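Since this is a predicted model, take the numbers as computed values, not measurements. No hydrogens, no waters, no symmetry mates; every other heavy atom, side chains included, goes into these values.
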Number of protein chains: 2
Amino acid sequence: MDDGRATTTRGGENLLFLTDEQLRQGIEAMFFAYRGFTADPDRILSDMAYGRAHHRAIHFINRAPGTTVNNLLNILGVTKQSLNRVLRTLIEDGLVQSRVGTSDKRERHLFLTEDGRALEGRLSDAQRARMRTAFRDAGPEAVAGFRTVLEAMMDTEMHRTYQRLKESGA
Amino acid sequence: MDDGRATTTRGGENLLFLTDEQLRQGIEAMFFAYRGFTADPDRILSDMAYGRAHHRAIHFINRAPGTTVNNLLNILGVTKQSLNRVLRTLIEDGLVQSRVGTSDKRERHLFLTEDGRALEGRLSDAQRARMRTAFRDAGPEAVAGFRTVLEAMMDTEMHRTYQRLKESGA
DNA sequence: CAGTTTAAGTCAGCCTTGTTGACATTCCAA
DNA sequence: TTGGAATGTCAACAAGGCTGACTTAAACTG
């Protein structure tokens, strides 16, 4: 254990923003906020035979249409067996379409179908609504801080993945 | 779906901080950051017969020593059967002690043993180290924004629980 | 005091989602 | 043509959620 005190070079104000107590509060805030973050989509999904894993797959396929299975694997950080179980049900249920690659026919390119986009919309509308309210209540400066801290919290590899996705966005 | 545009009353700067693209980036940042957030304790726990659920129980028992089972249930938001499975192993392994209540003998008050505190220390050191680095790199203003947004993201009930814990801290 | 409610614990069974390991298929590239 | 890469599949398992049913003991209440 350390003494919980840390200094800032920023001239004295907020000298104690790195005490163990502050860090603990940050940890607990993360725990509770993540529950809120997933609560709305979870509620929608609990009515169907789907779970959070399906939501994640749908989100990132929508995000990067035509992505390969391997690419999705890296983004999600799970095994191919785990992802495959999820993808199989989504394909069977007609929410995702898997197309053999043109340049490399070993690869499968993944797309959402009409139905898939419809579900994606329902899920992300709910999640965005919460995020929007939180962002609006907190204000632009807080949002900037929020994202700065989150980015610093990622592993290097995740951070690269996140940046790549971010830059590929509008 | 909405048009993704939102106005801010703050005079024009950052007019677009509530576009769907910004919200999506916030959602993805949350996803990746939470993985980083849990990665270090997960690594430690994977060597033992414990998982994230044990970590959470240990964290909050350490946080509020003498808490009752029911109270812990409300904080963690799981069923008593789920929590009981975790608590039973922790008690059997001598990391947690359960004492019959004095005023109300139906209640059990939970405490970490010496060994329990030792494990708690290992786990939270790892998690705090990451949080500390992230906080230090981001700076005090970003940290304030981070916590403002996270609090706004919680459900009302969670937020109350979080506030109560926060105020009971040093 | 009798009856009800509450706190905790337990048993059984189910689901989702992660894991390993083994193995088949297809196809690119050296 | 052969090795390796990408994908898919099968089986088995574990963690950690869930529901439902039930017990015990203590506390509360009419």
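- For the pair B/Asn84 CG and D/dC22 P, the computed distance is 19 Å after rounding to whole Å.
- In this structure, CG of B/Leu90 is placed 13 Å from P of D/dA15, rounded to the nearest angstrom.
- Look at A/Glu120 and A/Arg117 and you find no salt bridge, because none of the NZ, NE, NH1 or NH2 atoms lies under 4.0 Å from a carboxylate O.
- Stacking of B/Arg99 on the aromatic ring of B/Phe111 is recorded, both the 6.0 Å distance cut-off and the 45° axial limit being met.
- Atom pair B/Leu72:CG and D/dG16:P shows a separation of 15 Å (rounding to whole Å applied).
- Residue B/His54 places none of its side-chain N or O atoms closer than 4.0 Å to OP1 or OP2 of D/dA15.
- Side-chain atoms of B/Arg147 and A/Gln22 include a donor-acceptor pair closer than 3.5 Å.
- The listed nucleotides are D/dG8, D/dC10, D/dG17; the one nearest the side chain of B/Arg56 is D/dG17.
- A straight line from NZ of B/Lys105 to P of D/dA25 spans 13 Å, rounded to a whole angstrom.
- Classification of A/Asp155 and B/Arg35 as a salt-bridged pair fails, no side-chain N sitting under 4.0 Å from a carboxylate O.
- At a threshold of 4.0 angstrom between heavy atoms, the contacts of B/Ser103 are confined to the sugar-phosphate backbone, with no base atom among them.
- The span of DNA chain C lying next to chain A, judged by atoms under 4.0 Å from heavy atoms, is bounded 5' to 3' by C/dT16 to C/dC28.
- When the nearest nucleotides of DNA chain C are assigned to A/Ser82 and B/Arg108 by heavy-atom distance, the more 5′-ward of the two goes with B/Arg108.
- Between the side chain of B/Arg85 and the base of D/dG17, a donor-acceptor pair under 3.5 Å is found.
- Listed candidates were D/dT9, D/dG4, D/dT19. Nearest to the side chain of A/Gln81 is D/dT9.
- In this structure, CD of A/Glu107 is placed 11 Å from P of D/dG8, rounded to the nearest angstrom.
- What separates CZ of A/Arg99 from P of D/dA6 is a distance of 22 Å, to the nearest Å.
- Between A/Gly51 and B/Arg88, the one whose closest nucleotide on DNA chain C sits nearer the 5' end is B/Arg88.
- Under a 4.0 Å N-O distance rule, the pair A/Glu151/A/Lys166 qualifies as a salt bridge.
- In this structure, A/Arg130 is not positioned above the aromatic face of A/Phe37 in the sense of NZ or CZ being under 6.0 Å from the six-membered ring centre and within 45° of the axis.
- A side-chain N or O of A/Thr67 and one of A/Asn71 form a donor-acceptor pair less than 3.5 Å apart.
- Whole-Å rounding puts the A/Lys80 NZ to D/dC10 C1' distance at 12 Å.
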